[in-house]
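Naming convention: chains lettered A, B, ... in sequence-line order (proteins, then strands); numbering from 1 in each chain. It should be emphasised that the depicted structure is a prediction, and the values quoted were computed from it without experimental measurement.
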Amino acid sequence: MNPETQILAGLNGKQIEAVKTIDGPVLVISGPGSGKTRCLTHRIAYLISSGVRPENILAVTFTNKAAGEIKERIAALLENSPSSHRSSGRFAATPQIGTFHSVCARILRREIERIGYSRNFTILDEGDQASLIKKIMASFEVDTKRYNPRSIRSRISKLKTELVPAESYTGSDFYSKLVAQVYRTYQENLKKMNALDFDDLIGLTVRIFKSNPETLAKYHNLWHYILVDEYQDTSHDQYVLVSLLAQKTKNLFCIGDDAQSIYMFREADIRNILNFEKDYPDAKIVMLEQNYRSTKTILAAADEIIANNKMQMPKELWTENNTGEKIIVKETLNERDEANFIVYTIEELAAKGRKIADFVVLYRTHAQSRAIEEALIKRGFPYQIIGGIKFYERREIKDILSYLRLINNPSDIISFSRAVNIPTRGIGDKTVEKISFANKPGHSLIETADSLTETLSSDTKQKRGLAAFSKLIAALSEKAKKEKLTALIKSVIDQTNYEDYLKTIYAPSRDEFETADERIENLKELLTVAKKYDATKEDGLASFLEEITLLQNIEKLRDGNERITLMTVHSSKGLEFPVVFIAGMEEGLFPHNRTLFEPKELEEERRLCYVAVTRAKEQLIVTYSKYRRIFGTMEANLPSRFIGEIPTHLVRWEAGKDYEDEDVVEY
DNA sequence: CTGTCGTTTATTTTT
DNA sequence: TAAACGACAG
């Protein structure tokens with residue numbers, strides 16, 4: 001078999017069409033379970049086998065996970081097909097595969113000096129962003145009670161996504177004027193501390209490309225073939241970025257599913273995918289409509305649900321799979337009842353031979369997980385919850401990282417203010433503010449702190465603390481130049497006596513959520529990541545920090561063994577499970593209350609429901625509860641309209657069995 | 001500067 | 001309900 005036929009083997013006609021149309025714009029609409037990743041990876045392999053040099057290919061995804069998966073699968077594909085190219089002497093180059101943010105960060109490390117930042121810039125996460133915005137609001141004496149910093153943050157983010165620069169936005173009404181003012185100061189602050197937020201990664205890249213045609217040309221010459229995954233989730237700035245990059249060759253391949261766009265609230269703009277044909281009139285459109293995942297019943301139900309949406313591309317999903325079981329719908333009395341029903345059903349199905357890992361419980365909001373967890377614990381089932389607390393958001397991780405970030409970027413006031421008082425050195429907001437105020441652009445905060453130390457007359461706690469901190473940072477900075485990351489991180493932990501510090505905070509005084517020991521464990525996890533980094537990458541601290549910041553969750557599964565999975569519907573996108581439970585299918589919860597008055601948002605909820613339903617391979621079980629405790633008060637709910645949208649002949653109503661707790665349930 | 005206590009406010013979240 | 005925040009006293 002020649003490499004080409006080998007790469008195309010096992011693909012259906014549509015998939016082959018999508019893979020083989022290598023020149024010009026291509027849009028692939030891939031229904032759930034239609035082999036999207038397959039199509040994408042085979043296309044990349046096909047490009048390479050037909051003579052395209054790997055380094056001329058750029059593939060952009062939204063998540064690190066997706067990028068990793070694509071890399072792996074391409075490696076496997078090329079392994080199996082010893083194409084003349086790979087073996088022809090040149091050291092195997094690889095295509096550039098990464099998230100929007102990491103690709104842009106890479107570009108910016110090379111190009112950002114053109115717009116007055118330095119290349120060791122810090123990347124702020126959302127928490128840093130929020131606290132900075134809040135501080136700015138406070139400095140304007142804006143009542144942060146009245147004007148929620150979070151919503152200001154999201155307004156600013158929205159503006160940035162729309163590529164509206166701070167300088168040119170003024171705002172019309174009172175609120176947007178406030179937004180404009182905060183936005184401007186915020187941006188000045190970022191510049192001063194040589195920091196970028198997530199939006200800047202995209203926005204500044206676009207700005208450089210627009211203002212420096214020769215820079216853009218460089219990347220045109222590099223990337224001849226561009227592939228974009230999950231195109232329905234691109235925001236305006238990402239859309240512009242892609243358009244710029246693809247401008248020259250127009251070899252743009254976008255794949256996605258408008259029906260699975262569930263991130264509108266994160267500025268995803270569904271119009272990008274709906275207007276592709278307008279943007280590229282000669283585009284080839286391929287519909288992947290054969291589903292390899294679900295039973296006919298599940299697919300039909302999903303199809304009927306989504307048919308209630310107005311905004312969508314028409315498609316005909318079909319499958320050769322069996323009809324399978326009917327969809328089970330169960331009404332329960334309250335959330336504990338619901339949880340018990342789920343657990344008993346799992347028990348029943350497991351007794352019939354289902355593996356524990358076959359089950360997933362999906363819910364609209366994290367808050368729903370607790371009742372289910374409790375029921376699972378009571379019956380002794382192992383489970384894992386996906387999502388929730390992100391690794392890098394953990395206090396202990398942020399603490400240690402703040403030292404590393406400060407060493408990497410001496411202007412990073414956010415990291416400075418965190419590190420300087422960990423462990424407590426008697427230095428609080430007031431002192432930090434003074435230093436921040438006195439600090440001149442281009443000077444390190446430590447220098448400024450040193451001069452402040454000298455002005456302090458008496459030998460106070462502050463004076464000693466500040467001096468000690470300065471000395472520590474100096475020593476660590478030296479270390480950073482010579483030593484590996486793991487050694488550096490260990491030094492930070494040792495020299496700050498961090499473990500002791502943790503133990504004093506989390507002394508068994510009160511029943512803390514997490515003990516000091518658990519937090520120390522997390523630090524070990526950080527060291528593990530650093531170790532991997534030491535072994536494979538030779539570039540330094542800056543790129544490690546970048547990777548950590550852009551890497552939300554650290555893969556902590558490692559035991560792919562028998563566990564029931566619990567997660568929100570959002571985090572289930574792209575996954576599949578033999579048996580899917582959707583819990584809390586109630587009006588007000590799913591669809592969520594806040595979406596009920598905005599048709600666009602209601603349609604997004606419906607797409608979310610569509611995503612949930614199509615995760616199921618063999619069996620779907622939907623539950624809703626008449627009563628549910630929400631924020632402490634008991635509320636009565638009606639079954640979700642989405643249940644009513646499933647044709648009745650596909651449904652079996654589970655009745656009779658009572659799953660109430662033995663304890664008294666009060667209302 | 002730090003810890004405590006009442007008050008407030010609750011989606012989803014790839015980076 | 002519960003966690004997160006801000007005001008206030010030490």
Are any of [X]'s side-chain N or O atoms less than 4.0 Å away from OP1 or OP2 of [N]?
{"X": "A:His366", "N": "B:dT13", "answer": "yes"}
{"X": "A:Asn421", "N": "B:dT2", "answer": "yes"}
{"X": "A:Arg150", "N": "B:dT9", "answer": "no"}

If I pick the [atom1] atom on [M] and the same atom on [N], what distance separates them, to the nearest angstrom?
{"N": "B:dT12", "M": "C:dC5", "atom1": "C1'", "value": "23 Å"}
{"N": "C:dA4", "M": "B:dT13", "atom1": "P", "value": "16 Å"}
{"N": "C:dG6", "M": "B:dT11", "atom1": "C1'", "value": "24 Å"}

Pick base, sugar-phosphate or nothing for [X], based on heavy-atom distances below 4.0 Å to the nucleic acid.
{"X": "A:Tyr263", "result": "base"}
{"X": "A:Asp125", "result": "nothing"}
{"X": "A:Ile427", "result": "sugar-phosphate"}
{"X": "A:Lys573", "result": "nothing"}
{"X": "A:Asp199", "result": "nothing"}

Identify, with sequence neighbours excluded, every residue that meets side-chain hydrogen bond (donor to acceptor under 3.5 Å, both in side chains) alongside A:Thr161.
-> none

Return the set of residues passing side-chain hydrogen bond (donor to acceptor under 3.5 Å, both in side chains) with A:Tyr175 (not counting sequence neighbours), or none when no residue passes.
-> A:Ser151

Roughly, in whole Å, what's the span from [atom1] in [X] to [atom2] in [N]?
{"X": "A:Phe265", "N": "B:dT12", "atom1": "CZ", "atom2": "P", "value": "9 Å"}
{"X": "A:Met264", "N": "B:dT11", "atom1": "CE", "atom2": "C1'", "value": "13 Å"}
{"X": "A:Leu362", "N": "B:dT11", "atom1": "CG", "atom2": "C1'", "value": "16 Å"}
{"X": "A:Ile386", "N": "B:dT13", "atom1": "CD1", "atom2": "P", "value": "12 Å"}
{"X": "A:Glu604", "N": "B:dT13", "atom1": "CD", "atom2": "P", "value": "12 Å"}
{"X": "A:His592", "N": "B:dA10", "atom1": "NE2", "atom2": "C1'", "value": "9 Å"}
{"X": "A:Leu566", "N": "B:dT12", "atom1": "CG", "atom2": "C1'", "value": "16 Å"}
{"X": "A:Leu589", "N": "B:dA10", "atom1": "CG", "atom2": "C1'", "value": "13 Å"}

Please indicate yes or no: is the ring centre of A:His570 less than 5.5 Å from the centre of the six-membered base ring of B:dT12, with the two planes inclined by under 30 degrees?
-> no

Nearest to the side chain of [X], heavy atoms from C-beta on, is which of [options]?
{"X": "A:Asp233", "options": "B:dT14, B:dT12, B:dT11", "result": "B:dT14"}
{"X": "A:Arg364", "options": "B:dT11, B:dT13, C:dA3", "result": "B:dT11"}
{"X": "A:Ser571", "options": "B:dT13, B:dT14, B:dT11", "result": "B:dT13"}
{"X": "A:Arg594", "options": "B:dA10, B:dT14, B:dT12", "result": "B:dA10"}
{"X": "A:Glu601", "options": "B:dT11, B:dT2, C:dA3", "result": "B:dT11"}

Syn/anti state of B:dT11 by chi, 90° boundary around 0 = syn

Minimum heavy-atom separation for A:Asp125 to A:Arg405, with atom names?
-> OD2-NH1, 4.3 Å

Name the residue closer to the 5' end of DNA chain B, choosing between A:Gly632 and A:Glu126 according to the nucleotide with the nearest heavy atom.
-> A:Gly632

Tell me which of A:Thr424 and A:Phe198 sits closer to the 5' end of DNA chain B, going by the nucleotide each one is nearest to.
-> A:Thr424

Output every pair passing salt bridge (charged side-chain N to carboxylate O under 4.0 Å, His left out) with a member in residues 426-435 of chain A, not counting sequence neighbours, ordered by first then second residue.
-> none

Whether A:Phe198 and A:His101 hold their rings parallel, tilted or perpendicular, with breakpoints at 30° and 60° | perpendicular

Begin with the C-alpha distance, continue with both residues' side-chain angles, and end with the deciding distance and a verdict on ring pair (Phe, Tyr, Trp, His ring centres under 6.0 Å) for A:Phe265 and A:His570.
-> CA-CA 12 Å; A:Phe265 72 96; A:His570 279 92; 5.6 Å; yes

Who pairs with A:Glu69 by salt bridge (Lys or Arg N to Asp or Glu O under 4.0 Å), at least two apart in sequence or on another chain?
-> A:Arg73

Would you please name every residue forming a salt bridge (Lys or Arg N to Asp or Glu O under 4.0 Å) with A:Glu126, sequence neighbours left out?
-> A:Arg153, A:Arg266

Ignoring hydrogens and angles, are the base of C:dT1 and the side chain of A:Arg629 linked by a donor-acceptor pair under 3.5 Å?
-> no

State whether A:Phe590 and A:Arg641 meet the cation-pi test: NZ (Lys) or CZ (Arg) under 6.0 Å from the six-membered ring centroid, and within 45° of the perpendicular axis.
-> no

Nucleotide N/O to protein N/O under 3.5 Å, stretch nucleotides 5-9 of chain C:
{"from": "C:dG6", "atom 1": "OP1", "to": "A:Lys134", "atom 2": "NZ", "distance (Å)": "2.4"}

